Amino acid sequence: MSAQREMKEKNPWQTPVTIIITVIGVIAIVALVTVAVLQNRPLPQKYKYGIVLDAGSSHTALYIYEWPAEKDNNTGRVEQTHSCKVKGPGISSYAHDPLKAGESLRVCMQEAEQRVPGKRHQETPLYLGATAGMRLLNIENSSASDEVLKAVESALQKFPFSYQGARILSGQEEGAFGWVTVNYLDDRLTQGLDTTGALDLGGASTQISFVSEKFDGSESPSNSVTFRLYGNDYNLYTHSFLCYGKDQALRMTLAQQTQSGQASILDPCFNTGYTVMKNYSVLYDSPCVSDRKPQNAPATFNQTGKGNFTECQEVVKSVFNFTHCKYSQCSFNGVFQPLLQGPFGAFSAYYFVMNFLNLTDTSIPLKAVEDKLNSFCSTPWNQIKQQHPDVKVKYLAEYCFSGTYILTLLTEGYKFDQTSYSNIKFIKKIKGSDAGWTLGYMLNLTNMIPAEAPDSPPLPHAGYVSIVTIMAVLLFILFIVSLRPLWPRCSKQPQIV
Ligand SMILES: Nc1nc2c(ncn2[C@@H]2O[C@H](COP(=O)(O)OP(=O)(O)OP(=O)(O)O)[C@@H](O)[C@H]2O)c(=O)[nH]1
Ligand SMILES: [Ca+2]
């Protein structure tokens, strides 16, 4: 028993000094880890918001975007959280009653007030961009388009957001921002990856934008847009064809068929059995066709469907001019276009139409696309209506024309062949955000895409805490090891008999 007592007395682990040092060491490590965890705990996520109104020719849509407040500069972080389709036609249709254009936006704006947290209202930028419908109105009657813009401006200023202006975008901006949106959402810009081209088919204009190695902008400077984004330079080819959106293109094919001011036409682009009376003055009330209005035409004409894809394609082709080109190569109407390159995302009406016609699979031969259109166009109108009772009649009636127009625009207009056609993807959304010019427009105006690559992000919180914990444990072990001279010698342990 006395030997045991003697050993206990000699054991340095049980001296008060060692016990105090060990306790202090443990407390210090616990404190270090606690401070690391608490100090670097991610704060509850705060979001910022931005609102863009897309005042298109056929309708207006409102988009709300959201991004983490502390990450304005990081790509891929801005997301569309809400969209609202304004009831009624596009703002350019209110030329005769501009106040109604402003009034029409109210419901969607009230929705935005509900969706964006109140304390963020005042700092949330609000933009309105108008496209081809307003471009046409501006050509036709610039004071009327000014009035419409003024009316929407005063309507928007009544809301508590940070109003940043309502303006008409140029075709070039519309094409370029559509391209930015697609590539931003695909995370192609920060990674410096090859980019995706953008094809946008609206009601009154259509845009094609892509990066081509063969294009440095010199051959046609008006089609060139240069960007420096995240440290990479891009030389973008873009062109917007005014009047080649699908509604104005339809007008042009009808103008082509009513040149002599007949009282009726047999239209190959509409299904057999479809018939409707149309007004000459309404049809020709657009700068896209107004100079072709036949003299002495009656007030109305009957449009009756003939349902013939091949003939429809001939009529559609007649609205493109392929005769002159002063450049090395052109798409149509004497417009320069470099060699097509890379994958393409085709959105807006490209998607609506090809999705309805079950033609979004671009790996099928172009001949098969033609066959499908041929079969759709030759289906009687009654049967089409029966098969699709829930589809809006206006859309349904126009699918034969729209499908034929899209195929002709892509293959004859832009010169997509079997191989390049298979590089097109018909898309509506990318990662939950609509493909279109609005997101690119907002990112640009809020300077959210820096010219140079941002510094690499700091260590994530979990990584930080793990490293501090490992370091603390290592320090503790080191501390214990440093006390080695005080350790009891195992070999000298007294034998207890
Ligand atoms: N089939 C179908 N067509 C649609 C739908 N929504 C819009 N469209 C039509 O598709 C065409 C293009 O629509 P948008 O892309 O909204 O065109 P927009 O922005 O008003 O016109 P732009 O100012 O030329 O860009 C128009 O003819 C619309 O009437 C839809 O859900 N289904
Ligand atoms: Ca549009």
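Atoms within each ligand, like the ligands themselves, are counted from 1 in listed order. Please read all numbers here as calculations on a predicted model, not as lab measurements. Worth knowing before you read on, the calculation uses all heavy atoms, side chains too, and leaves out hydrogens, waters and symmetry mates.
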Indicate yes or no: does Glu153 engage Lys150 in a salt bridge with an N to O separation below 4.0 Å. no

Close aromatic pair by centroid cut-off 6.0 Å: Tyr244 and Phe320: yes

In this structure, is the centre-to-centre distance between the rings of Tyr237 and Phe210 below 6.0 Å? yes

Protein residues near ligand 1, heavy-atom distance below 4.0 Å? Gly56, Ser57, Ser58, His59, Thr131, Ala132, Glu174, Leu201, Gly202, Gly203, Ala204, Ser205, Lys246, Asp247, Ser348, Ala349, Phe352, Tyr395, Tyr399

Between Phe352 and Tyr395 (judged by ring centroids, cut-off 6.0 Å), do the two rings come close enough to count as a pair? no

Partner of Phe344 under ring-ring contact (aromatic ring centres under 6.0 Å, His included), picked from Phe426, Phe416, Tyr421, is Phe416

Partner set under ring-ring contact (aromatic ring centres under 6.0 Å, His included) for Phe227, not counting sequence neighbours: Trp179

